[in-house]
Amino acid sequence: MAVLVQKYGGTSVGDAAKIRHVAERIAAARRAGNSIAVVVSAMGDTTDRLIDLAESISAAPDPRELDVLLSTGELVSCTLVTMALREIGEEAVSMSGAQAGIRTDTAHGSASIVEFDAERVQQALDAGRIVIVAGFQGVTHEMDVTTLGRGGSDTTAVALAAALGAERCEVYTDVDGIYTADPRIVPDARKLSEIGYEEMLELASYGAKMHPRSIELAAWYNTPVLVASSARDVPGTLIHEVAPEGEGMEVANKVRGVTYERGVARITLRAVPDRPGIAAAVFEPLAESNISVDTIVQNASAERLTDLSFTVDRSDLRSALEVTEGVAGTIGAGECVSHDNLGQVSIVGTGMQNAPGVAAVMFSALAEAGVNIEMITTSQIRITCVVDEAQVNDAVRTLHDAFELGEG
Ligand code: ASP
Ligand code: MG
């Protein structure tokens with residue numbers, strides 16, 4: 001029997017009626033002759049509420065305790081979905097991440113899966129049961145509960161699909177696929193019927209609403225992921241291995257999608273001595289404090305002093321500043337200045353490799369729209385511009401037009 005893994009996001013299991021609807025869908029897939037394992041997220045905004053609750057008790061909740069607390073959200077939804085299935089006559093069993101065999105490292109709050117022994121899930125499937133696994137969580141070798149980072153249920157689902165050798169992983173959410181841009185900002189955004197792992201990883205890492213680790217895993221194990229709506233029966237987007245496109249495309253066709261993020265903050269460390277080891281001295285302590293740094297720009301030095309700028313998530317700004325100010329003193333740098341009202345827009349497409357025209361189109365489109373570019377970073381298949389947060393929507397629309405991504 002073919003093994004199918006499905007994942008339902010928080011909105012899809014947001015209340016009792018939706019949970020019953022999800023159970024009907026799972027049962028239908030089961031009756032169609034599949035062996036089914038399901039991963040669920042916590043109901044609605046449960047995780048946010050649990051975080052607020054923890055912060056109302058402690059300004060900096062202990063990471064181990066916080067993970068146990070957050071893991072309960074997914075336990076609630078996975079047991080309820082299981083009960084709903086049993087109500088309609090299906091044999092179903094729930095499992096926590098630990099029971100399902102998910103081992104992680106010890107990075108509380110953003111743990112990585114290091115081992116997935118799906119033996120117990122497989123046995124239950126072999127016995128004809130539907131297995132409902134709590135997403136977003138695992139356990140360390142010491143049996144401490146961990147969580148995988150916000151949105152981590154996607155990763156649980158893809159990891160489960162890979163561990164079971166499933167043909168594909170179906171991710172059902174409140175959006176019905178991957179679009180050329182966020183349809184809430186760009187009304188004529190187009191749904192993509194398919195997209196390659198590489199492009200999807202860039203989109204996910206720079207704003208699209210999927211846990212980037214899930215795409216990394218999907219690519220590694222070559223497990224196709226279908227993103228579709230749980231509410232409406234319309235075709236979704238298949239993320240899978242796509243053959244590279246031919247040469248000689250129009251510049252406009254080289255870009256697959258535009259994505260964005262808000263809540264970006266920048267720290268600039270002025271008058272940094274230009275000598276070996278300085279970057280390490282700045283970024284190692286940030287890494288040790290679990291702060292992830294995104295765009296980094298270091299200017300050419302004038303008189304052996306240089307400015308070093310980097311961006312972090314706005315929620316990390318305060319702790320990043322503390323760390324950086326400490327470092328500034330020890331390496332003899334000047335002042336630290338920060339700016340917290342930034343965002344970023346990115347264009348992504350494998351077609352843009354070695355296509356210098358793409359960057360020129362991006363920059364001139366932003367210039368015409370009066371959007372000032374604060375910083376620029378690139379990968380082989382992505383160009384990202386850091387801009388004023390208030391101009392993010394305009395920038396996204398402008399780029400979507402400039403690369404002719406819309407309908408018609
Ligand atoms: N419930 C978790 C979150 O809100 C994990 C997930 O939904 O994937 O981030
Ligand atoms: Mg999600």
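We count ligands from 1, going down the list as the structure has it; atoms in each ligand are counted the same way. Remember, predicted model here, so these are calculated numbers, not experimental data.
At a threshold of 4.0 Å, the pair Lys191-Asp176 counts as salt-bridged, since one of the basic side-chain nitrogens sits closer than that to a carboxylate oxygen. Checked for salt-bridge contact, Glu170 and Arg25 miss the test: no charged N lies under 4.0 Å from a carboxylate O.
Listed by number with element, the atoms of ligand 1 under 4.0 angstrom from any heavy atom of Ser41 are 6 (C), 7 (O), 8 (O). If you number the atoms of ligand 1 from 1 as listed, the ones under 4.0 Å from a heavy atom of Arg150 come out as 3 (C), 4 (O), 9 (O). Set against the non-hydrogen atoms of Ser153, the atoms of ligand 1 under 4.0 Å away are 5 (C), 6 (C), 8 (O).
Checked by distance only, ligand 1 and Gly151 come closer than 3.5 Å through their nitrogen or oxygen atoms. Any N or O atom pair closer than 3.5 Å counts here, and Asp154 shares no such pair with ligand 1. The shortest N/O to N/O separation between Lys7 and ligand 1 does not fall below 3.5 Å.
Under the 3.5 Å distance criterion, the side-chain polar atoms of Arg270 are left unmatched by any main-chain donor or acceptor of Glu335. Asp105 places a side-chain N or O within donor-acceptor distance of the main-chain N or O of Ser112, the cut-off being under 3.5 Å.
With a 4.0 Å heavy-atom cut-off, ligand 1 is reached by no atom of His211.
The closest approach between a heavy atom of Gly152 and any atom of ligand 1 is below 4.0 Å.
Looking at Asp154 and Ser214, their side chains never bring a donor and an acceptor atom within 3.5 Å of each other. Counting only N and O atoms by type, the side chains of Glu202 and Ser379 include a donor and acceptor under 3.5 Å apart.
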